[in-house]
Amino acid sequence: MAGLSLLMGTLVMVGAVGVMGMDAAHLPLLWPYSVCAMDAIRETDRFHLLPFGLTSRYDH
C-alpha cells in the first residue's frame, strides 16, 4: 500500500502540474508531502477499521 501511495502521489502531481498547469515552484518538496499525506490517511483509516476486523490480510 505504501507503493500505491508513491504511484498515486506521482499521478496526482503529473495531473496537477502537467495537465492542468498548476504553478508548483517547490515541486521537490510538494511531491513527498503529498505521498506522506496519502500514506498517513491510509494508516489512519486502517487504525479505525482494525477493531472491527475490516482490514486487509496484507496490512498485518
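Predicted, not measured: the structure shown is a model, and the values here were computed from it.
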Quiz item: In the single-linkage hydrophobic clustering (I, L, V, M, F, W, Y; side-chain heavy atoms under 4.5 Å), do Tyr33 and Val17 co-cluster?
Solution: no
Practice problem: Check whether Val12 and Met22 end up in the same hydrophobic cluster, where Ile, Leu, Val, Met, Phe, Trp and Tyr are linked by side-chain heavy atoms less than 4.5 Å apart. | Solution: yes
Exercise. Provide the full list of side-chain hydrogen bond (donor to acceptor under 3.5 Å, both in side chains) pairs with a residue in residues 10-24, sequence neighbours left out, each pair given once.
Key: Thr10-Trp31
Quiz item: Atom OG in Ser34, atom CG in Leu6: separation rounded to 0.5 Å?
Solution: 9.5 Å
Self-check item: Contacts of type side-chain contact (heavy atoms from CB on, under 4.5 Å), residue Met8, not counting sequence neighbours
Solution: Leu4, Leu11, Met38
Quiz item: Going only through I, L, V, M, F, W and Y residues with side-chain contacts under 4.5 Å, is there a path from Met13 to Ile41?
Solution: no
Self-check item: Carboxylate-amine/guanidinium proximity below 4.0 Å for Arg42 and Asp39
Solution: yes
Quiz item: If you take all heavy atoms of Pro32 and Leu27, which pair is closest and at what distance?
Solution: CD-O, 4.4 Å
